[in-house]
Amino acid sequence: MYLLIEKTFREALTRFIRATYAVDVNVVTERPPRLEMGEIASPVCFELAKRLKRPPRQIAQEIADAMNTLAGVGGIRGVTRCAVAGGGYVNAFLDRAAFFGAACRLAGHENVEADADAPKAIVEHTAINPNKAAHIGHLRNAAIGDTFVRLLRHAGHRVEVQNYIDNTGVQVADVVLGFIHLEKKSLGEVRALAAQSRFDYYCWDLYARVTQFLEEDKTRLTLRGQVMKEIEEGHGPVAEMADFISTTILRAHLATMDRLGIDYDLLSRESEVLGMKFWDAAFQMLKDRGAIRLATSGKQAGCWIMPLGDAAESESEAAEEGVAEAKIIVRSNGTVTYVGKDIAYHLWKFGLLDRDFHYARFHKHPDGHVAWVTTMADAEKGAPSFGKGHEVYNVIDSRQKYPQQVVREGLRALGFAEQADHLVHIAYDVVGFTPRCAAELGYTITEEDAKRPYIEMSGRRGQGVKADDLLDEMKKHALAEVDARHRDFSEAERNATAGAIAIGALRYFLLKYTRTAIIAFDFKDALSFEGETGPYVQYAVVRVNGILRKGAEKNPEFDTEDLAQAARLEAGKIDVTPFLQSPNDDIWEIVLLAGSLGARVEAAIAAQEPAFVAKYAFELAQGFNVFYHKHHILSEKDAEKRVFLLRVAQLVKDQLVAALALLGVTAPEKM
RNA sequence: GCGCCCGUAGCUCAGUUGGAUAGAGCGUCUGCCUUCUAAGCAGAGGGUUGGGGGUUCGAAUCCCUCCGGGCGCGCCA
């Protein structure tokens, strides 16, 4: 609601300024520091003052006067008047009653449905190597990605969610190596093991052992080389074991993500990127379009290289100095590098490659949604049209920034400038431990590590908090709290409530930090259900539930009267203006905030920053708690005010539920 | 060496394209449950926005410089 009025106000200012002063300025708006100064402010006159060489206040007065005439005849919908403030701000005051009515009508229906033929956004996230259990660093990736998907869908975008599975890389090979050389297990024995234990946890430990095994004696790396070669050939017992491991662990990852409500449309696997020869097609394109060239001298002789940035202009100098300024795409032995494969894959994502995968159904999410997988086998019928994205968002940690840039440059070099501009890297920083937390978990840390602000999680070394362990721990914690409060709950209620709280706490914890913040994980922070946490927000919803429930239960005699009053309120027969102008504006404050979800979602999408929405949910819950303590709804004597307060509570609840849904969190009925 | 990110209250972090008096949470201290759930609320205390310059009517935000921390730059994936 706020978003709409803000936009209208901005447009009115822009039009007026262009018509009157014949200048084009970017009109920005913001919230004034205090409500009595209005709800929208624009500092545009400071900029105009410079250009017109006139005092800002004078211009502001002219604009405000003009806007008032406009507003008076309904020129700016939702705005009652404008005024000059401070040194030259133009402030707008909203029609509070109209805002309230519109916000109530819109609440819960703000999301726009996407057209089936609208441009598609592809979001890739999660992408965990399928050789060990997921840890909370992986969870941060998935939570950011999943929330971003929800934001895009809320705003009416068509979205396809992909999870890239590197099932042929060293990480899987290392676990295969572990089973064969350290444990001397056959495929049959590995299968049996997987059937009777948590396979992803088992591999977690084995992977760490393999890492150590290889570090102890570098000559053992030849074993890895052998395993990788056999995996790449795609048949034989080693390849079969690799496939079994990666597939089993992928299922474990999906089960973990299902606990958090994270869905995928497509699981695209490296094995098919290789098997379908995407690279061959891309290689031809790169050569045809002159994006890469064969180096004939210097260190990179024999490699196919892609000049980068400045190197493109000064390549001869670089060659003379023997400096490697270009990115190697194909090695001198003819094998393709990681970026090469990634360029090929991104050509497919944008629908620029004349090849496609075969698809098969792989997994059914709890909500019934089917995740498809790429396959070398015959295609199953009924697959949606995958790929051909208009925009591509990759949620990958910030260390991958350089390779992502190279892929973008590759697209540009191929002449796909528009696609290159539409390839967005949603970078986030890692999750580490506080040194204290690492020590608690029993990891040996050096003295140097102890002084660091955080210690990195490492699947390779087997150091990390496993996602399922943390979720279990949080649920246990939540269950204890539920038990202490609600002895009357059934077993099913206890579980459902504790589960919702655990997910709320975990997802909020992962999303409240902005992407550039390094999360130093500590159980104390993560397990907290007080203050700026998911449960705090859920609790506000529960409070509204309580009011609505009690209102109906305890006062049946109220009921008929309130129903009649509520009907009058919806019909606009009750003048709510006095309620929204109470001496200190406190009710208006919460109504205004409740009507601002759309504006926050837009900002979150523009900045690709899910934390904005988490922050909003917390602020709204906080605002409600203040309102809740100040206005006792059910004991309010004035029937008109009572139904009004009740409607405000309902409005806040609707918006809290909507904001939580964007974060992938639900609120229980009671907690 | 080159490039990117970060430095804000005791701790952990916000601060939307430069805007009005820099905000939360945690922790500390003081109050509030016989009225809708205290997973809550009210209040107190806590700041040279790493230092120094500059641009601007206006800087936590932009530029320069220094200090401190992190990451990336491979014929690894």
Side-chain angles (χ1 to χ4, degrees), chain A residues 26 28 30-34 37 41-43 46 49-50 55-56 85-89 129 166 168-171 173 228 270 299-303 305 324 327-335 337-339 341-342 397-403 405 427 429-430 432 434 452-454 456 478 481-482 484-486 501 505 512-514 516-520 522 524-525 528-533 535-536 538-540 542-551 554 599-600 602-604 606-607 609 611-612 615 618-619 621-622 625-626 628-636 645-646 649 670-671:
Chain A
N26 182 27
V28 297
E30 61 202 42
R31 275 288 300 277
R34 287 189 310 275
M37 303 166 100
S42 177
F46 297 113
K50 231 184 298 183
Y89 287 90
N129 278 306
D166 182 5
T168 61
V170 274
Q171 299 221 15
M228 288 205 51
E270 175 116 334
K299 277 205 297 199
Q300 300 175 332
C303 298
I305 59 172
K327 191 72 195 165
I328 293 170
I329 303 298
V330 181
R331 302 183 189 100
S332 55
N333 67 5
T335 57
T337 59
Y338 168 76
V339 270
K341 277 185 270 188
D342 220 21
D397 77 72
S398 61
R399 292 173 299 196
Q400 301 283 338
K401 189 168 185 171
Y402 176 65
Q405 257 165 12
D429 270 285
V430 295
T434 59
R452 294 160 63 91
Y454 71 96
E456 210 181 322
E481 297 286 334
V482 171
R485 284 155 224 254
H486 302 283
I501 292 169
K512 75 172 178 178
Y513 300 94
T514 51
T516 52
I518 294 167
I519 300 179
D522 197 309
K524 184 172 69 66
D525 298 333
S528 169
F529 297 159
E530 287 164 18
E532 199 194 334
T533 65
Y536 177 96
Q538 292 171 310
Y539 189 63
V542 163
R543 278 182 148 169
V544 180
N545 290 341
I547 295 169
L548 298 172
R549 215 169 39 235
K550 285 275 167 55
K554 275 170 80 178
R600 293 298 188 96
E602 193 182 78
E609 186 51 272
F612 289 176
K615 204 80 185 170
F618 174 66
E619 281 172 23
Q622 203 175 31
N625 278 329
V626 175
Y628 175 88
H629 280 274
K630 215 160 180 174
H631 304 278
H632 200 276
I633 299 174
L634 295 182
S635 63
E636 172 58 47
L645 291 175
L646 207 57
K670 298 180 190 175
M671 65 186 271

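We name chains A, B, ... by the order of the sequence lines, and we start the count at 1 in each one.
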Sugar-phosphate only, base, or nothing, as touched by A:S332 at under 4.0 Å among non-hydrogen atoms: base
Sugar-phosphate only, base, or nothing, as touched by A:F618 at under 4.0 Å among non-hydrogen atoms: sugar-phosphate
Where the chi angle of B:C33 falls, syn if within 90° of 0 and anti if not: syn
Given B:A39, B:U16, B:U12, the nucleotide with the shortest approach to the side chain of A:A603: B:U16
Distance below 4.0 Å between A:R485 side-chain N/O and B:U37 OP1 or OP2: no
Sugar-phosphate, base or nothing in reach of A:Y454, heavy atoms under 4.0 Å: sugar-phosphate
Side chain of A:N625 - closest among B:G40, B:C75, B:A39: B:G40
Sugar-phosphate only, base, or nothing, as touched by A:Y338 at under 4.0 Å among non-hydrogen atoms: base
Set of side chain to side chain contact (heavy atoms under 4.5 Å, CB included) partners for A:T533, sequence neighbours left out: A:S528, A:P535, A:Y536
Touch class at under 4.0 angstrom, heavy-atom based, for A:A621 against every strand present: nothing
Touch class at under 4.0 angstrom, heavy-atom based, for A:K630 against every strand present: nothing
Residues which pass salt bridge (Lys or Arg N to Asp or Glu O under 4.0 Å) with A:R485, listed by chain and number, not counting sequence neighbours: A:E481
